[in-house]
Amino acid sequence: MTRSPILQSPSKDYPETIDNRAVLECLETLQEKLSAQEVAEYTAPLDNREALQKLELEKDELSALIASIGFSSLVAGLATFSIAWLGLLLAWKPMVRLEKVARLIELMKLILENFEEMGVEMLPLQKIPKAEPVDLFIRFPGKEFILFAIRSHANDTVIYNESRDAFRIKRQRSEGIGRRPGLSRWKPDPLTDLGEQEFWFRKNCRNFFGGNARATRRPIAKVLIVWNPTQLGEHQEHLYQTMGEQKFLFIPRKQGGAFYVITKNQVTDFIRAYLAHRQSQEGNS
């Protein structure tokens with residue numbers, strides 16, 4: 001027995017009726033196509049040059065702001081010591097931001113120089129509610145993703161303490177500053193930040209992975225870059241992962257997740273090795 005479609009009665013507000021059954025059939029067809037992966041994945045392109053230009057503009061603006069605050073503080077300080085210190089405090093946050101932006105510009109230029117022909121796309125300083133922004137997210141054709149965090153801690157050495165599942169800072173003595181050598185925990189924990197950023201990114205930025213739930217489950221390399229002048233200390237052999245002929249510090253954490261830790265000088269080698277490693281994995285599967 002064939003059922004006739006049940007149509008709603010026209011009204012003055014909605015004179016055109018909707019065939020509910022036809023809508024359901026259309027949705028069911030679309031669901032079947034999605035299940036069969038007939039709908040192609042789509043990711044919105046990222047404009048590397050535009051992102052880089054915005055960062056360079058921000059860098060210039062921050063430099064001008066800090067210079068103006070510094071000059072005003074110097075003039076005011078001639079009369080009042082506390083006002084001079086207030087000026088330095090006002091400049092502190094712009095100085096931290098300037099340092100971050102300058103490092104990102106350097107990192108993005110390095111990646112473009114070496115991987116632009118491979119179609120790399122970069123997204124810097126993606127904001128996250130109530131958390132540190134993602135420093136740099138990059139993706140390659142073929143859906144390979146890398147999440148970078150840039151961190152430093154003065155002229156010190158950072159060492160991962162496996163038993164405590166945390167990074168330790170080995171402080172160097174600095175003449176005239178009064179810093180005593182010793183060990184302390186690195187706070188805030190950069191690996192915890194990276195893990196939270198990856199979770200947020202997967203949950204809230206599906207379009208960067210291809211727009212569907214399956215795409216968001218693709219592997220993401222979470223990479224902490226220890227930026228100079230901070231140094232990365234030597235670690236036990238079992239904490240290194242070999243990719244090709246390269247070895248990189250690789251930390252699986254007790255609470256979940258695994259992270260690569262590299263220096264600024266290892267960025268290019270790491271990306272090449274990781275892409276080759278992923279290509280090998282895909283080939284074997």
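- Checking side-chain atoms of Asn48 against main-chain N and O of Val120 turns up a donor-acceptor pair under 3.5 Å.
- The environment of NZ in Lys264 is crowded: more than 12 heavy-atom neighbours from other residues, nucleotides or ligands sit within 6.0 Å.
- Tyr274 and Phe250 fall within a single hydrophobic cluster, where Ile, Leu, Val, Met, Phe, Trp and Tyr side chains are chained together by heavy-atom contacts under 4.5 Å.
- Atom CZ of Arg185 sits in a sparse spot, with 12 or fewer heavy atoms from other residues, nucleotides or ligands closer than 6.0 Å.
- Follow the hydrophobic side-chain contacts under 4.5 Å out from Val101 and you reach Leu110 in the same cluster.
- Note on Lys100 versus Glu58: no salt bridge recorded, every NZ/NE/NH1/NH2 to OD/OE distance being 4.0 Å or above.
- Heavy-atom neighbours of Gln255 CD from other residues, nucleotides or ligands within 6.0 Å: above the threshold of 12.
- The distance from the CD atom of Gln197 to the CZ atom of Phe148 is 13.0 Å, given to the nearest 0.5 Å.
- Contact check for Ile271 versus Phe140: side-chain heavy atoms found under the 4.5 Å cut-off.
- Remark: Leu232 CG to Ile225 CD1 distance equals 12.0 Å, nearest 0.5 Å.
- Rounding to the nearest 0.5 Å places CE of Met108 at 11.0 Å from CD of Glu116.
- For the pair Met118 and Pro141, the tightest heavy-atom approach, listed with the atom from each and the gap, is O-CD, 3.2 Å.
- The one candidate from Leu183, Thr157, Asp156 that meets the side chain to side chain contact (heavy atoms under 4.5 Å, CB included) condition with Arg171 is Asp156.
- Ion pair Asp135/Arg103 not flagged as a salt bridge, since none of the NZ, NE, NH1 or NH2 atoms sits closer than 4.0 Å to an Asp/Glu carboxylate oxygen.
- Once rounded to the nearest 0.5 Å, the distance linking CG of Leu249 with CD of Glu234 reads 9.5 Å.
- Using cut-offs of 30° and 60° on the angle between ring planes, the pair Phe201 and Phe137 is parallel.
- At least one side-chain heavy atom of Lys109 sits under 4.5 Å from a side-chain heavy atom of Glu56.
- Taking each heavy atom of Pro129 and Trp200 in turn, the nearest pair found is CD-NE1, 3.4 Å.
- Scanning both residues, Pro229 and Asn155, for their nearest heavy atoms gives O-OD1, 3.4 Å.
- Linking ILVMFWY residues whenever their side-chain heavy atoms come closer than 4.5 Å, directly or via other members, leaves Ile159 and Ile169 in distinct clusters.
- Atoms CG and OG1, from Leu107 and Thr268 in turn, are 9.0 Å apart once rounded to the nearest 0.5 Å.
- Side-chain atoms of Arg139 never come within 3.5 Å of backbone atoms of Phe209 as a donor-acceptor pair (strictly under, hydrogens ignored).
- Looking only at side-chain heavy atoms (C-beta outward), Trp227 and Glu106 come within less than 4.5 Å of each other.
- Taking 4.5 Å as the limit, some side-chain heavy atom of Val261 sits within range of a side-chain heavy atom of Phe167.
- Minimum interatomic distance between Thr230 and Ala154 (heavy atoms only, all atoms of both residues): OG1-O, 2.8 Å.
- Between Glu198 and Arg202, at least one side-chain N (NZ, or NE/NH1/NH2) sits under 4.0 Å from a carboxylate O, which counts as a salt bridge.
- Hydrophobic clustering places Ile111 together with Leu55 (ILVMFWY residues linked when any side-chain heavy atoms are closer than 4.5 Å, directly or through intermediates).
- Side-chain contact check for Gln246 versus Gln266: every heavy-atom pair is 4.5 Å or farther apart.
- Under the 4.5 Å side-chain criterion, counting only non-hydrogen atoms from C-beta, His238 is in contact with Glu162.
- Considering only heavy atoms from C-beta on, Gln53 stays 4.5 Å or farther from Arg49 through its side chain.
- Around atom NZ of Lys254, more than 12 heavy atoms belonging to other residues, nucleotides or ligands sit under 6.0 Å away.
- Using a 4.5 Å cut-off on side-chain heavy atoms (C-beta onward), Arg151 and Asp193 make contact.
- Note: Ile138 CD1 to Ile220 CD1 = 11.5 Å, rounded to the nearest 0.5 Å.
- Taking every heavy atom of both residues into account, Phe259 and Gly195 meet most closely at CE2-N, 3.8 Å.
- Ring centers of Phe270 and Phe248: under 6.0 Å apart, within the cut-off.
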TODO: Test Arg253 against Asp189 for side chain to side chain contact (heavy atoms under 4.5 Å, CB included), laying out the working first.
DONE: CA-CA 12 Å; Arg253 304 204 80 182; Asp189 180 17; 2.7 Å; yes

- [ ] Show your working on side chain to side chain contact (heavy atoms under 4.5 Å, CB included) between Glu237 and Lys247 and close with a plain yes or no.
- [x] CA-CA 10 Å; Glu237 188 66 25; Lys247 290 196 307 182; 2.9 Å; yes

TODO: Decide side chain to side chain contact (heavy atoms under 4.5 Å, CB included) for Leu112 and Met122; before the verdict, give the C-alpha distance in whole Å, the side-chain angles of both, and the deciding distance to 0.1 Å.
DONE: CA-CA 9 Å; Leu112 274 179; Met122 300 182 287; 3.4 Å; yes

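- Side chain of Tyr240 to backbone of His235: a donor-acceptor contact under 3.5 angstrom is found.
- Annotation for Leu275 and Glu144: closest pair CD2-CB, 3.9 Å, computed over non-hydrogen atoms.
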